Amino acid sequence: MSRDRADWCPAVERITGLEVNERNHSAAGLVLMRTKRGLFALSYEVGAGFLETLEEELRQLLSKPPSVQLPLWPKGAPNAKRQDSHDEDWYNKQAAGQKGYLLFDKKNIVTDKFTGGGLEVCDVLGPDNQLICVKKATSSDGTAPLNHLFAQAVTAVETLRSDEAIRSAFLKQVADRTPDHRLLSDFGTLKVVLAILLKDGKEITVDSLFAFAQVSLLQSARRLRAMNAEVEVVSIRR
């Protein structure tokens with residue numbers, strides 16, 4: 001994007017998914033934008049080569065065939081709070097109702113280190129060691145829901161690899177429900193499935209993800225691969 005572009009507001013709105021309400025060019029070669037979720041600083045000089053490399057890596061990740069089958073996520077009737085009754089809790093139960101899938105949403109593990117709310121490893125465990133993390137990202141909160149999803153996945157794998165107490169507790173949860181689950185004998189390579197519902201069930205592509213979400217996703221994928229975890233991104237349809 002060139003230095004002399006007059007209006008940066010649309011660019012920031014595309015990157016963040018948030019409406020910009022104030023703009024100010026700083027003397028340090030940055031553009032400062034204020035949105036309802038805070039202040040963003042963008043460099044004038046974003047190399048086209050970097051963006052092309054990022055998008056190509058993202059396309060390769062998104063083109064990987066999924067190893068799981070996930071149900072549709074239709075809209076539900078409004079609940080007492082006038083919200084969609086088909087929330088993430090509802091969907092996770094639908095996904096876990098399939099043969100070979102186990103529900104782990106809200107099955108938080110509490111240890112001396114992870115006190116309070118504990119650690120949620122995944123929402124659903126698949127039959128082939130897939131840690132399925134589900135997120136509904138259809139609101140006006142920009143990239144926040146997706147950033148939370150990616151962070152959850154990285155934290156879960158990192159902790160399973162490094163924290164014996166968490167790992168033992170999680171494997172016990174699995175064994176108590178499915179004594180012959182593959183995960184119990186093959187904990188080497190994990191598979192992380194990032195299952196995402198975008199607005200109207202839109203397919204996840206380079207064009208449908210804001211740039212901040214693209215960078216966050218690729219950073220998370222690289223960290224997960226470094227911990228010997230395969231990564232898949234699955235579009236949930238309406």
Side-chain angles (χ1 to χ4, degrees), residues 1-20 23 25 29-33 35 37-68 70 73 130-158 190-238:
M1 198 173 299
S2 63
R3 176 187 293 264
D4 58 359
R5 177 164 176 171
D7 188 3
W8 286 76
C9 291
V12 176
E13 290 174 346
R14 178 180 178 275
I15 291 172
T16 65
L18 299 168
E19 182 179 356
V20 174
R23 182 184 63 181
H25 291 258
L30 298 175
V31 175
L32 303 180
M33 297 287 184
T35 74
R37 292 186 65 86
L39 191 67
F40 292 84
L42 279 74
S43 171
Y44 281 118
E45 305 297 343
V46 178
F50 167 78
L51 295 178
E52 290 174 1
T53 300
L54 182 149
E55 291 183 355
E56 178 58 30
E57 185 176 351
L58 188 62
R59 287 190 181 92
Q60 292 178 9
L61 175 61
L62 297 179
S63 65
K64 185 177 181 180
S67 64
V68 296
L70 295 177
W73 193 336
Q130 298 104 331
L131 304 177
I132 305 172
C133 301
V134 175
K135 184 57 63 177
K136 184 178 185 180
T138 62
S139 68
S140 60
D141 290 333
T143 61
L146 293 180
N147 289 338
H148 178 270
L149 175 71
F150 305 151
Q152 175 195 358
V154 170
T155 300
V157 172
E158 190 172 57
L190 296 173
K191 294 182 180 179
V192 174
V193 177
L194 303 170
I196 302 169
L197 174 68
L198 295 181
K199 185 177 181 180
D200 300 324
K202 184 185 301 184
E203 183 180 0
I204 301 170
T205 66
V206 172
D207 295 329
S208 63
L209 287 178
F210 296 121
F212 277 7
Q214 293 179 21
V215 173
S216 180
L217 171 56
L218 288 179
Q219 288 177 338
S220 299
R222 290 166 184 166
R223 291 183 63 185
L224 289 166
R225 289 169 182 149
M227 294 183 285
N228 198 27
E230 299 177 10
V231 185
E232 300 174 8
V233 181
V234 177
S235 303
I236 301 177
R237 301 306 186 118
R238 283 292 196 190

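Model, not experiment: these values are computed from the prediction.
Residue-environment remark: CZ (Arg223) stays at or below the threshold of 12 foreign heavy atoms within 6.0 Å. Around NZ of Lys191, the count of heavy atoms belonging to other residues, nucleotides or ligands within 6.0 Å exceeds 12.
Taking the side chain to side chain donor-acceptor pair (under 3.5 Å) definition, one finds that Ser216 meets it with Asn147, sequence neighbours left out. Contacts of Gln219 classified as side chain to side chain donor-acceptor pair (under 3.5 Å), with partners at least two apart in sequence or in another chain: none. Residues forming a salt bridge (Lys or Arg N to Asp or Glu O under 4.0 Å) with Arg238 (at least two apart in sequence, or on another chain): none. In this view, Ala156 and Val121 satisfy the side chain to side chain contact (heavy atoms under 4.5 Å, CB included) rule, not counting sequence neighbours. In this view, Glu203 satisfies the side chain to side chain donor-acceptor pair (under 3.5 Å) rule with no residue, not counting sequence neighbours. In this structure Arg225 satisfies the side chain to side chain donor-acceptor pair (under 3.5 Å) test with no other residue, sequence neighbours excluded.
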Evaluate the side chain to side chain contact (heavy atoms under 4.5 Å, CB included) criterion for residues Trp73 and Val134: first the C-alpha distance (whole Å), next the side-chain angles of each, then the deciding distance (0.1 Å), finally the verdict.
CA-CA 11 Å; Trp73 193 336; Val134 175; 3.7 Å; yes
With side chain to side chain contact (heavy atoms under 4.5 Å, CB included) as the criterion, how do Leu217 and Leu146 come out once you've worked through the C-alpha distance, each side chain's angles and the decisive distance to 0.1 Å?
CA-CA 8 Å; Leu217 171 56; Leu146 293 180; over 6 Å; no
Should Asn228 and Leu190 be marked as a side chain to side chain contact (heavy atoms under 4.5 Å, CB included) after you check the CA-CA gap, both sets of side-chain angles, and the distance that decides it?
CA-CA 7 Å; Asn228 198 27; Leu190 296 173; over 6 Å; no
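Of all non-hydrogen atoms in Leu224 and Ala153, the two that sit nearest each other are CD2-O, 3.7 Å. Ile204 and Ser235 get closest at one heavy-atom pair: N-OG, 2.9 Å. Residues Met227 and Glu158 approach most closely at SD-CA, 3.5 Å, considering heavy atoms. Nearest heavy-atom pair across Leu61 and Val231 is CD1-O, 3.8 Å. The shortest heavy-atom contact between Thr205 and Ser208 is N-OG, 2.7 Å.
Among residues at least two apart or in separate chains, there is no salt bridge (Lys or Arg N to Asp or Glu O under 4.0 Å) pair with a member in residues 148-157.
For the pair Glu232 (side chain) and Lys64 (backbone), a donor-acceptor distance under 3.5 Å is absent. Side-chain N or O atoms of Gln214 include none that pairs as donor or acceptor with a backbone N or O of Glu55 at under 3.5 Å. A donor-acceptor pair under 3.5 Å links the side-chain atoms of Ser63 to the main chain of Gln60, judged by distance alone. At least one donor-acceptor pair closer than 3.5 Å links the side chain of Gln130 to the backbone N or O of Ser67.
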